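Data block below; observations after.
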Amino acid sequence: MRIVAMFMILAHHFVVHNGYDVKNLPLGPERIFFQLVMQGGGKVGVVIFFTISAWFFLDKEQTIKSNLKRIWILEREVLFWSLALMAFFLVFDRADFGMKMIVRSVAPTIMGLWWYVTAYATFLALLPFLSKGLRALGEHMHYALAITVLAIWGLTSFIPGTSGVNDSVFGFIYLFILISAYKWYMKPFTLKQTWLMTGTGLGFFLLYTCASVMLSLFGIDKGNLHHRTVQAARHHGGLRHVSAVRLAFLP
């Protein structure tokens, strides 16, 4: 699952950070594939990648010491690659590498050079308190919290213009609330339930995609609506991804 998620994220970056804006392509199968499959799949890949880590965090008690150790190991690895890339660009492409980027490369996690690393490190720092706090809530209040955040950041994300959890630690906290409620208190989804939830989420995603295509046919740019479609699919798919990962580890 991690390998699949990794390729989905790579495909997303290929489209988003490409030198050519795919929204300049004429409406057709090529553009729809780039934006729907490649660009949209990246956000889902991030959810899958994080969900697998969070799933195993729930198997044992989280301590401040163990999570600070995780952050330190992560920081060492990220700093190595950050400095290596900085050296490469200073040698081969110095014109596009300013002082601000040098500072960010020396302190990549603190300066948010890569959003996932910064958000994940922050989540690890909060994890011992978050885990104990959710346990202390008990089953009833935990369910109530999960339903509340799902309504605030999940269902409302289908409405264009509403605020949601973007690429930040709040997205990870949101997912952790849902994942922990499922693993601690719910019975594992059956295969039928899993396919039903997956189909429902995919149906909403395709519905928004069709609406986006129709707007483009009438000359209305679909970039913002597509972004909302990606966000909706990611948030609505919280428990859907948990069930998918859960099935992946079943014998």
Side-chain angles (χ1 to χ4, degrees), residues 1-22 34-35 37-60 62-131 165-176 179 227 230-231 234 241 244-245 248-249:
M1 289 291 288
R2 280 185 181 272
I3 294 176
V4 173
M6 179 186 69
F7 278 108
M8 295 171 73
I9 295 169
L10 286 174
H12 170 87
H13 284 102
F14 175 81
V15 174
V16 174
H17 300 291
N18 199 300
Y20 184 81
D21 191 348
V22 296
F34 281 141
Q35 289 196 294
V37 179
M38 296 183 67
Q39 183 177 347
K43 297 299 184 181
V44 178
V46 169
V47 172
I48 295 174
F49 207 88
F50 173 79
T51 298
I52 295 174
S53 298
W55 183 268
F56 291 108
F57 286 152
L58 295 168
D59 287 335
K60 56 184 178 181
Q62 298 299 317
T63 64
I64 297 175
K65 182 178 179 180
S66 64
N67 280 280
L68 287 177
K69 183 178 180 181
R70 289 192 184 104
I71 295 173
W72 170 238
I73 294 174
L74 175 66
E75 174 64 22
R76 286 185 303 177
E77 295 175 351
V78 171
L79 183 61
F80 170 81
W81 289 110
S82 178
L83 294 177
L85 288 170
M86 180 181 71
F88 176 86
F89 279 99
L90 287 176
V91 173
F92 296 103
D93 195 12
R94 182 175 297 185
D96 295 329
F97 207 85
M99 181 56 65
K100 181 179 179 180
M101 183 57 69
I102 293 176
V103 174
R104 296 183 70 190
S105 299
V106 173
T109 303
I110 296 176
M111 299 299 294
L113 182 61
W114 294 297
W115 78 265
Y116 187 96
V117 174
T118 301
Y120 188 66
T122 305
F123 172 79
L124 290 176
L126 299 174
L127 180 57
F129 312 101
L130 182 61
S131 180
V165 285
N166 296 317
D167 297 333
S168 68
V169 66
F170 292 106
F172 292 158
I173 293 174
Y174 161 68
L175 288 172
F176 189 75
I179 296 166
H227 175 72
V230 172
Q231 293 296 96
R234 179 174 61 170
H241 289 302
V245 174
F249 296 109

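The shown structure was predicted, so the numbers you read here are calculated from the model rather than taken from an experiment.
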Atom pair [atom1]/[atom2] of [X] and [Y] - distance to nearest 0.5 Å:
X: Leu90; Y: Met101; atom1: CG; atom2: CE; result: 11.0 Å
X: Leu74; Y: Arg76; atom1: CG; atom2: CZ; result: 10.5 Å
X: Leu85; Y: Phe80; atom1: CG; atom2: CZ; result: 9.5 Å
X: Ile71; Y: Ser66; atom1: CD1; atom2: OG; result: 9.5 Å

Work out which heavy atom in [X] is nearest to a heavy atom in [Y]; give both atom names and the distance.
X: Ser168; Y: Ala119; answer: C-CB, 3.7 Å
X: Met8; Y: Gly41; answer: CE-O, 3.1 Å
X: Leu83; Y: Val106; answer: CD2-CA, 4.3 Å
X: Val15; Y: Phe34; answer: CG2-O, 3.7 Å
X: His12; Y: Gln39; answer: ND1-O, 2.7 Å
X: Pro108; Y: Glu75; answer: CD-OE2, 4.1 Å

Counting neighbours of CD1 on Ile110 that are heavy atoms of other residues, nucleotides or ligands and sit closer than 6.0 Å, is the number greater than 12?
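Result for CD1/Ile110: open.
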Please check if the number of heavy atoms outside Ile73 that lie under 6.0 Å from its CD1 is greater than 12.
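Yes, the 6.0 Å shell around CD1 holds more than 12 heavy atoms from other groups.
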Could you check whether the rings of Tyr116 and Tyr120 sit parallel, tilted or perpendicular, using 30° and 60° as the cut-offs?
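Because their plane-to-plane angle is under 30°, the rings of Tyr116 and Tyr120 count as parallel.
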Compute the centroid of each ring, for Phe57 and then for Phe50, and state whether the two points are separated by less than 6.0 Å.
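No, too far apart.
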Donor-acceptor under 3.5 Å ([X] side chain, [Y] main chain):
X: Thr118; Y: Thr109; value: yes
X: Thr51; Y: Val47; value: yes
X: His13; Y: Ile9; value: yes

Is the shortest heavy-atom distance from the side chain of [X] to the side chain of [Y] under 4.5 Å?
X: Val46; Y: Trp115; value: yes
X: Ser82; Y: Leu113; value: yes
X: Ile48; Y: Val4; value: no
X: Leu68; Y: Lys65; value: no
X: Leu127; Y: Phe176; value: yes
X: Ser105; Y: Met111; value: no
X: Leu126; Y: Ile173; value: yes

